[in-house]
Amino acid sequence: MSKAMMARLDRLLANLGYGSRKDVQALVASGKVMLDGKVLKDSGARIAVDATLPERMTIRGLPVDPPAPLVLIMHKPLGVVCSHKEDGEKIYDLLPRRWRLRDPGLSTVGRLDKDTSGLILITDDGDFLHRVISPKRHVPKTYLATLDRPLAGTEAEVFAAGTLMLDGEEKPLLPAQLDVVDERTARLTITEGRYHQVRRMFAAVGNHVVGLHRERIGGLILPADLEPGQHRILSAEEAEGVFADV
Ligand code: URA
């Protein structure tokens, strides 16, 4: 059960991106906002807000957007960027337009390169985000890497040693697990999130990553039926599954 917080209706709807305080006051006055089947007329009314709100509140006949805290699992397609600032198509462009106006805003939990596909979490919950990326937690992330050259056979040992230094860094990488899939494909599980880490690890052993896909973060696995570009809202319990022992 999620805990209900109280919020003023106009503030709640403005923070969900339905418009300015003035816009949402007009929306309420026009009778387009309903709660438990009744029209809400007072935009200053205090509303109990929890994850069940979209089952109880409609705006112009449609379920209200999910309130914060929100955690999404997305299948990031190739070619989109995770940063708000970088040029090019953004991962946020794949979400409903109104969500860009949410406050608190949505951010990716860590980043995947433009040329990497797979599991990414998106949230407006700063505490959750920091717990997942915290270097203290060592949440494992598993990637399927396609390589330019055949594996030499020594990579698993090199990556597991905990001594590999990446170019320009001063601290060796923590041990990582490599499982060979075939001559040019390997599954790599790392517990850190250094810049371009997987690509740089293979570069350090004389190879080159030509395809990279994240399959898993902690206890969360990319669902097979989640197509590139699609997302799903996780319940609080599902989101916490990222910390499950795996
Ligand atoms: N390592 C990389 O090199 N790229 C990613 O996108 C993720 C991990």
Side-chain angles (χ1 to χ4, degrees), residues 71-95 106-123 129-149 151-152 155-156 158-181 184-223 226-231 242 246:
V71 180
L72 311 173
I73 184 170
M74 182 185 268
H75 184 161
K76 179 193 173 293
L78 296 172
V80 303
V81 298
C82 290
S83 156
H84 282 284
K85 291 183 194 142
E86 237 176 291
D87 289 339
E89 195 189 355
K90 296 177 186 26
I91 202 160
Y92 306 101
D93 298 336
L94 302 170
L95 298 173
L106 292 164
S107 311
T108 57
V109 177
R111 288 187 186 166
L112 289 178
D113 302 336
K114 187 172 179 179
D115 296 335
T116 302
S117 59
L119 195 170
I120 186 114
L121 297 172
I122 302 175
T123 190
L129 186 153
H130 287 112
R131 284 192 292 131
V132 178
I133 65 171
S134 164
K136 290 188 199 128
R137 287 205 181 236
H138 304 302
V139 173
K141 289 159 288 221
T142 300
Y143 296 85
L144 193 64
T146 309
L147 304 163
D148 190 30
R149 285 182 274 283
L151 287 153
E155 293 86 351
V158 173
F159 292 165
T163 52
L164 185 64
M165 290 289 273
L166 293 180
D167 254 3
E169 298 209 359
E170 286 173 1
K171 238 178 107 183
L173 291 173
L174 289 174
Q177 186 183 326
L178 181 103
D179 296 296
V180 175
V181 177
R184 286 168 207 255
T185 318
R187 207 166 254 121
L188 179 61
T189 300
I190 60 176
T191 60
E192 298 170 281
R194 301 204 202 174
Y195 183 64
H196 289 173
Q197 183 168 335
V198 174
R199 292 174 201 274
R200 290 165 73 210
M201 286 174 74
F202 281 104
V205 292
N207 213 322
H208 178 68
V209 171
V210 292
L212 193 57
H213 177 80
R214 183 155 66 190
E215 300 180 320
R216 181 170 73 92
I217 305 180
L220 297 178
I221 294 170
L222 186 67
L226 202 61
E227 300 291 332
Q230 289 185 336
H231 70 272
V242 75
V246 284

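Note: hydrogens, waters and symmetry copies are ignored here, and every other heavy atom, side chains too, is used. All ligand and atom numbering here is 1-based and tracks the order in the structure. The chain is numbered in sequence order, starting from 1.
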Query raised in the report: Under a 4.0 Å N-O cut-off, is there an ion pair linking Arg199 with Asp113?
Result: yes
**Report entry** Electrostatic pair Arg200-Glu169, nearest N-O below 4.0 angstrom
**Finding:** yes
Requested in this report: Would you mind telling me if ligand 1 is within reach of the side chain of Leu212, the backbone, both or neither, using heavy atoms under 4.0 Å?
Outcome: side chain
Query raised in the report: Which residue and non-hydrogen atom of the protein lie closest to atom 4 (N) of ligand 1, and at what distance in Å?
Result: Asp113 OD2, 2.7 Å
Report task. Please tell me if the side chains of Ser107 and Tyr92 come closer than 4.5 Å, counting only heavy atoms from C-beta onward. Result -> yes
**Report entry** Shortest protein contact, atom 1 (N) of ligand 1 (heavy atom only)
**Finding:** Val198 N, 3.1 Å
Query raised in the report: For Thr116 and ligand 1, does the shortest N/O to N/O distance drop below 3.5 Å?
Result: yes
Query raised in the report: Are the side chain of Arg149 and the backbone N or O of Gly206 linked by a donor-acceptor pair below 3.5 Å?
Result: yes
Query raised in the report: With a cut-off of 4.0 Å, which atoms of ligand 1 are near a heavy atom of His196?
Result: 1 (N), 2 (C), 3 (O)
Query raised in the report: Counting N and O atoms only, with roles assigned by atom type, does the side chain of Glu192 sit under 3.5 Å from a partner on the main chain of Leu174, one being a donor and the other an acceptor?
Result: yes
**Report entry** Atoms of ligand 1, numbered as shown, that sit under 4.0 Å from any heavy atom of Tyr143
**Finding:** 7 (C), 8 (C)
**Report entry** Residue Lys114 excluded, over 12 heavy atoms near NZ under 6.0 Å
**Finding:** no
Requested in this report: Within a distance under 4.0 Å of any heavy atom of Gln197, pick out the atoms of ligand 1 and give their elements.
Outcome: 1 (N), 2 (C), 3 (O)
Requested in this report: Give yes if a backbone or side-chain nitrogen or oxygen of Leu112 is under 3.5 Å from a nitrogen or oxygen of ligand 1, and no if not.
Outcome: no
